[in-house]
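What follows is a set of notes on a single structure, which appears directly below.
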Amino acid sequence: MKNKITTKTNFVCQSCGFESPKWLGKCPSCGGWNTFVEERARADLRTSARAKGKGARDKGGASVKAVTLAEIDLDRQPRMMTGISEFDSCLGGGILPGSLILLGGDPGIGKSTLALQVMERIADSGKTVLYVSGEESLEQIKLRAQRLGAGSENLLLASLTDLDDILELTNKASPALLVVDSIQTMYWPQLESAPGSVGQVRECGAMLMRHSKEQAVATLLVGHVTKEGVIAGPRTLEHMVDTVLYMEGERHHSFRILRSVKNRFGSTNEIGVFEMRESGLAEVANPSEVFLSERNREVPGSAVVCALEGTRPVLVEIQALVSPTAFGTPQRNTTGLNHRRLSLLLAVLERRAGLSLGMQDVFVNIAGGLKIEEPAIDLGVAVAIASAFRNRPADPRAVFIGEVGLGGEIRSVSQTDRRVAEARKLGFTRVVCPAKGIERGSLGGMEPSTVSTISQALERAIV
Ligand code: TYD
Ligand code: MG
């Protein structure tokens, strides 16, 4: 049927999803340049889909009704455990049937590898799983599977990119878990824009969500992230899905951190730590031990802190290097740490502790490739910088816990006890932290060094 409706189009920003009836050079929402692409308007799509009888709902029926809490049956299927405990705990205890999970990360970080490993475990437990790849051929997937030692009969594979085919196949195979790798390669033919555009990603995501809820199929969508750390296009998906997992890590390090940034069925900011090996991703059960394994205790500029990642305390080493600026403006470089936070700490060290860092280059790294936002590591960062500046090592037996305020005061942080307990487990004998928040009973033989200002802390920490 030739419909009379003229096709309406919109211009959509490909980095944030902002829509405009006109083409714009600069996106007013995210500030991106040259990001607008013409796409068919969504309202237009809906009318034409309804005209074709697709997606139209019978509004006159009694299917729409509200229920009371008591009427809701909680007797749901149990969560699917993969047995990869770093992954399970990141999700808050396995995959919930019917949930939609977005797994994001840079290309080549290990998303497909993790997805395949998770699927193999679930397939091993007797459930059917379906892996749809739009990026690799079946042969390539087989090669990867062989490397990972996967070969379950319940693991079904397909190399497809048309969403209608995927939904049809899923209805036929009715898997317990569907993996779509990646959402940027999928397209819905009704929409005229190219795969990977915001319109396609959003529409495919919405259709897969509807499908996963209706059929109670757990669905894992793999998405690539842009350099800026935003899932390209699929940013709009973040609101839609139940869980967002990010895979982080430096390409040149073997550690991979899986982080839950959104979870409707568990706590967020949980992390799982993996190591990329020849045979796939291996779990790292005790990350603190690994992150500290290469530490050189005697070198100036090193301090150990305890960050809380979700509910998990992790010890990491902060490394700092301070050297006189050769020419021009001093450099400030960070890896794993917020740049602004470093500037703030440098200013506090300068003004409240009398360190003249104005003509010094300062480099700060979090060893092992972890990214930490928490202000609880402030004290450790400040101590590492001061130790590097004075060229004297910080106490290697000590862990530093505390936030640094603008007045040079050391502030207490949440859950000091859990952090102290982790430090004790790893053989640290001294904790430098503010007096508030620490309970004597929880120290268990550790020597507390309570400090209230930054200069006091430097005095006690640097030997
Ligand atoms: P991959 O899962 O393809 O990344 P993504 O899907 O996120 O793009 O991982 C690719 C990298 O992982 C590649 O550089 C090779 C490495 N790798 C291993 O080191 N060991 C393995 O067993 C596998 C399968 C991959
Ligand atoms: Mg991949």
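Remember, it's a predicted structure, so these values are computed and weren't measured experimentally. Remember, it's 1-based here, ligands and their atoms both numbered in the order they're listed.
Looking only at distances, a side-chain donor or acceptor of Arg147 sits under 3.5 Å from a matching main-chain atom of Glu278. At least one donor-acceptor pair under 3.5 Å links the side chain of Glu283 to the backbone N or O of Ser85. Side-chain atoms of Gln200 come within 3.5 Å of backbone atoms of Ser193 as a donor-acceptor pair (strictly under, hydrogens ignored). With hydrogens and angles ignored, the 3.5 Å screen pairs no side-chain donor or acceptor of Ser302 with any backbone N or O of Val299.
Looking only at protein heavy atoms, the nearest one to atom 14 (O) of ligand 1 is Gly108 O, 4.3 Å. Counting only heavy atoms of the protein, atom 12 (O) of ligand 1 lies nearest to Met276 CE, 3.3 Å. Remark: minimum distance from atom 23 (C) of ligand 1 to any protein heavy atom is reached at Arg147 CZ, 3.7 Å. Among protein heavy atoms, atom 6 (O) of ligand 1 sits closest to Ser112 OG, 2.6 Å. In terms of protein heavy-atom proximity, atom 24 (C) of ligand 1 is nearest to Thr113 OG1, 3.6 Å.
Residue Gly110 has at least one nitrogen or oxygen atom sitting less than 3.5 Å from a nitrogen or oxygen atom of ligand 1, judged on distance alone.
Atoms of ligand 1 found under 4.0 Å from any heavy atom of Arg277 (numbered from 1 in listed order, with element): 18 (C), 19 (O), 20 (N), 21 (C), 22 (O). Using a 4.0 Å cut-off to heavy atoms of Glu278, the atoms of ligand 1 that qualify are 20 (N), 21 (C), 22 (O). When each atom of ligand 1 is checked for a heavy atom of Ser279 under 4.0 Å away, the hits are 22 (O). Which parts of ligand 1 touch Arg144 is read off a 4.0 Å heavy-atom cut-off, strictly below it: atoms 1 (P), 2 (O), 3 (O), 24 (C). The contact set between ligand 1 and Pro107, taken as ligand atoms under 4.0 Å from a residue heavy atom, comprises 8 (O).
Residue contacts with ligand 1 for Asp181 are absent, since no atom lies close enough (heavy atoms, distance under 4.0 Å).
The 12-atom threshold is exceeded at NZ of Lys213, counting heavy atoms of other residues, nucleotides or ligands nearer than 6.0 Å. More than 12 heavy atoms of other residues, nucleotides or ligands sit less than 6.0 Å from atom CZ of Arg332.
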For Glu86 and Arg256, run salt bridge (charged side-chain N to carboxylate O under 4.0 Å, His left out): C-alpha distance rounded to whole Å, both residues' side-chain angles, the deciding distance at 0.1 Å, then the answer. CA-CA 11 Å; Glu86 295 287 311; Arg256 299 286 180 267; over 6 Å; no
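At a 4.0 Å cut-off, at least one heavy atom of Gly280 sits close enough to ligand 1 to count as contact.
We find that Arg202 and Glu19 are joined by a salt bridge, their nearest charged nitrogen and carboxylate oxygen being less than 4.0 Å apart. A salt bridge links Glu374 with Arg419; the closest basic N to acidic carboxylate O contact falls under 4.0 Å. Between Arg259 and Glu248, at least one side-chain N (NZ, or NE/NH1/NH2) sits under 4.0 Å from a carboxylate O, which counts as a salt bridge.
Residue Met446 is tested with Arg430, Arg424, Arg397 for a side-chain contact (heavy atoms from CB on, under 4.5 Å); the sole match is Arg424.
Atoms of the protein (N, O or S only) found under 2.8 Å from the Mg ion (ligand 2) are Ser112 OG.
For residues 290-319, the set of pairs meeting the ring-ring contact (aromatic ring centres under 6.0 Å, His included) definition, not counting sequence neighbours, comprises Phe255-Phe291.
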